[in-house]
2 protein chains.
Amino acid sequence: MKTKFERILRSLNLKSTPKRIAMLEVLDDEQVYLSPEDIWLRLKKRFRTLGLPTVYRNLEGLFEGGVISRVIHPDRKLYYYLCRNEEHHHHFICMSCRRVEDVRFCAERELQEAVRSGIRGKVLSHILQINGLCHACLKKEGTVHVS
Amino acid sequence: MKTKFERILRSLNLKSTPKRIAMLEVLDDEQVYLSPEDIWLRLKKRFRTLGLPTVYRNLEGLFEGGVISRVIHPDRKLYYYLCRNEEHHHHFICMSCRRVEDVRFCAERELQEAVRSGIRGKVLSHILQINGLCHACLKKEGTVHVS
DNA sequence: TTTCAAATGAAAATTGTTTCTATTTATCTC
DNA sequence: GAGATAAATAGAAACAATTTTCATTTGAAA
């Protein structure tokens with residue numbers, strides 16, 4: 001009887017270590033973007049010896065495998081923060097509570113077309129990220145602290 | 001008789017130092033994205049004592065003032081690279097020659113609309129960046145080296 | 001010219017990430 | 001279930017980009 005995460009790791013040819021599973025749990029539980037350090041802080045109580053390099057390595061592996069995705073912090077310091085595991089789509093990121101909403105705007109195909117027709121070249125990838133304040137945070141104005 | 005760059009700096013309440021002017025010249029001349037270090041390397045022949053912190057400080061100031069813009073390197077290491085000075089628009093970035101083309105796709109407004117109608121919250125900013133290979137680099141295939 | 005805030009250089013500190021190596025662990029095979 | 005083996009890990013150290021600090025210099029306003 002394998003858990004969801006064990007099956008995922010298996011399919012990526014990654015071993016099911018307790019730490020990896022715990023990382024996936026954290027990312028799955030909290031639907032906010034988390035930095036490598038955030039994840040490390042959450043897990044080092046449970047795993048006294050967990051090191052940041054391990055967190056980085058595993059995030060890298062999980063990202064390569066397409067199990068998680070990442071977004072770019074729009075502030076000066078552009079470290080990357082991670083979450084989610086669906087197919088390619090875009091993100092609306094709340095700068096206050098860090099919650100990430102998927103953006104499934106129907107203009108996607110038109111955008112692609114427009115972009116492609118205006119560019120003489122090959123598109124390899126694109127980044128679309130919308131930064132703002134979510135509905136909930138807008139209401140409790142004043143407490144907004146963008147980090 | 002003030003030069004273009006002197007007028008720009010003046011309008012931002014930044015002093016017209018030779019180094020700032022030279023930085024603007026470099027960015028204006030080369031229509032490719034440049035890292036702080038790139039700019040530093042280009043200028044330290046002319047200014048023996050130019051330090052990287054000065055380059056960082058000035059880039060920051062020029063960016064804040066809206067005189068230059070920046071793009072995000074899509075590789076793992078997301079340092080930022082800079083260029084251009086037009087109004088808000090998007091970029092097609094050649095991963096090989098570093099050239100940046102402006103993308104003025106007409107679906108912009110539709111995108112904005114779509115995004116806004118799908119999101120309950122306030123949009124503060126967005127990043128749209130298309131990474132690929134430009135027409136010229138596509139032709140001389142094989143020499144492509146993404147850095 | 002004098003004055004003063006802004007800009008700068010140089011060194012050091014900070015921060016985020018990666019590498020290295022010896023040890024441990026998950027999984028495969030019997 | 002008990003080895004065998006390659007992958008995963010901890011811990012320390014290295015690394016790279018950026019920022020801070022502070023004493024000195026410089027641009028531009030009076």
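Sequence lines set the chain letters: A, B, ... in the order given, protein chains first and strands last, and positions in each chain run from 1. Excluded from the calculations below are hydrogen atoms, water molecules and symmetry mates; all remaining heavy atoms, backbone and side chain alike, are included. Because the structure is predicted, anything quoted here is derived from the model rather than measured.
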Participant: Roughly, in whole Å, what's the span from CG in A:Leu52 to C1' in D:dC15?
Facilitator: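 Value for this atom pair: 15 Å.
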Participant: Rounded to the Å, how far apart are B:Arg48 CZ and D:dT25 P?
Facilitator: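 Going from CZ in B:Arg48 over to P in D:dT25 covers 19 Å.
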Participant: How many Å lie between NZ on B:Lys44 and P on C:dA10, as a whole number?
Facilitator: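 Going from B:Lys44 (NZ) to C:dA10 (P), I get 12 Å.
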Participant: Run the salt bridge (Lys or Arg N to Asp or Glu O under 4.0 Å) test against B:Lys15 and tell me which residues pass, sequence neighbours left out.
Facilitator: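 Counting only residues at least two positions away or on another chain, B:Lys15 forms no salt bridge (Lys or Arg N to Asp or Glu O under 4.0 Å).
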Participant: Side-chain N or O of A:Thr49 versus OP1/OP2 of D:dT9: is the shortest distance under 4.0 Å?
Facilitator: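 Indeed not, no polar side-chain atom of A:Thr49 lies that close.
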Participant: What is the distance from OH of A:Tyr56 to P of D:dG11, rounded to the nearest Å?
Facilitator: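 For the pair A:Tyr56 OH and D:dG11 P, the rounded distance is 17 Å.
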Participant: Return the CG to CD1 distance between A:Leu24 and A:Ile68, rounded to the nearest 0.5 Å.
Facilitator: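 So the CG of A:Leu24 and the CD1 of A:Ile68 are separated by 7.5 Å.
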Participant: Applying side-chain contact (heavy atoms from CB on, under 4.5 Å), name anything that partners A:Ile21, two or more places apart in sequence or on another chain.
Facilitator: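 Testing A:Ile21 for side-chain contact (heavy atoms from CB on, under 4.5 Å), a comparison that skips the adjacent residues, returns A:Phe5, A:Glu6, A:Leu9, A:Ser16, A:Glu25.
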Participant: In whole Å, I'd like the distance from the CD atom of B:Glu60 to the P atom of C:dT8.
Facilitator: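 After rounding, the gap between these two atoms is 14 Å.
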Participant: By nearest heavy atom, map B:Pro18 and B:Glu37 onto DNA chain D; which one lands nearer the 5' end?
Facilitator: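 Mapping each residue to its closest nucleotide by heavy atoms, the 5'-most match is B:Glu37.
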Participant: Nearest whole Å is fine: how far is D:dT9 P from A:Leu59 CG?
Facilitator: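 In whole Å, D:dT9 P and A:Leu59 CG are 11 Å from each other.
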Participant: Just the table, please: protein N/O against nucleotides 5-8 of chain D N/O, every pair under 3.5 Å.
Facilitator:
{"unit_1": "D:dA6", "atom_1": "N3", "unit_2": "A:Lys15", "atom_2": "NZ", "d": "3.4"}
{"unit_1": "D:dA7", "atom_1": "O4'", "unit_2": "A:Lys15", "atom_2": "NZ", "d": "3.1"}
{"unit_1": "D:dA8", "atom_1": "OP1", "unit_2": "A:Lys15", "atom_2": "N", "d": "3.4"}
{"unit_1": "D:dA8", "atom_1": "OP1", "unit_2": "A:Arg20", "atom_2": "NH1", "d": "2.9"}
{"unit_1": "D:dA8", "atom_1": "OP1", "unit_2": "A:Arg20", "atom_2": "NH2", "d": "3.0"}

Participant: OG of A:Ser35 to CG of A:Leu59: how many Å apart, nearest 0.5 Å?
Facilitator: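 Output value for this atom pair is 9.5 Å.
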Participant: Let me have the donor-acceptor pairs involving side chains of residues 48-57 of chain B, under 3.5 Å, with sequence neighbours excluded, atom names and distances please.
Facilitator:
{"unit_1": "B:Thr54", "atom_1": "OG1", "unit_2": "B:Arg57", "atom_2": "NH2", "d": "3.1"}

Participant: Quick one: bend of the helix from C:dT1-D:dA30 to C:dC30-D:dG1 from 5 pairs per end, to 10°?
Facilitator: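 The helix from C:dT1-D:dA30 to C:dC30-D:dG1 shows an end-to-end axis angle of 40°.
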Participant: What is the distance, to the nearest angstrom, from the CG atom on B:Leu24 to the P atom on C:dA7?
Facilitator: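 Spelled out: CG on B:Leu24 to P on C:dA7 is 13 Å.
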Participant: Enter the distance from A:Arg10:CZ to A:Ile8:CD1 here, rounded to the nearest 0.5 Å.
Facilitator: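 With rounding to 0.5 Å, CZ (A:Arg10) is 13.5 Å from CD1 (A:Ile8).
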Participant: Any side-chain heavy atom of A:Lys19 within less than 4.5 Å of one from A:Leu43?
Facilitator: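 Side chain of A:Lys19 against side chain of A:Leu43, heavy atoms only: no contact under 4.5 Å found.
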Participant: In whole Å, I'd like the distance from the CD atom of A:Glu64 to the P atom of C:dT18.
Facilitator: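 Rounding to the nearest Å, CD of A:Glu64 and P of C:dT18 are 11 Å apart.
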Participant: Using atom names, set out every protein N or O paired with an N or O of nucleotides 12-14 of chain C below 3.5 Å, distance rounded to 0.1 Å.
Facilitator:
none

Participant: Could you measure the distance from the CZ atom of B:Arg20 to the CG atom of B:Asn58? Nearest 0.5 Å is fine.
Facilitator: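 Reported value, rounded in 0.5 Å steps: 4.5 Å.
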Participant: Look at the side chain of B:Pro36 and decide which nucleotide, out of C:dA26, C:dT17, D:dT18, has an atom nearest to it.
Facilitator: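 It is D:dT18.
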Participant: Restricting to non-hydrogen atoms, name the atom on A:Phe47 and the atom on A:Ala22 that form the minimum distance, rounded to 0.1 Å.
Facilitator: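 In terms of heavy atoms, the two residues are closest at CE1-CB, 3.6 Å.
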Participant: Any side-chain heavy atom of B:Glu30 within less than 4.5 Å of one from B:Asp38?
Facilitator: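 Sidechains of B:Asp38 and B:Glu30: no contact.
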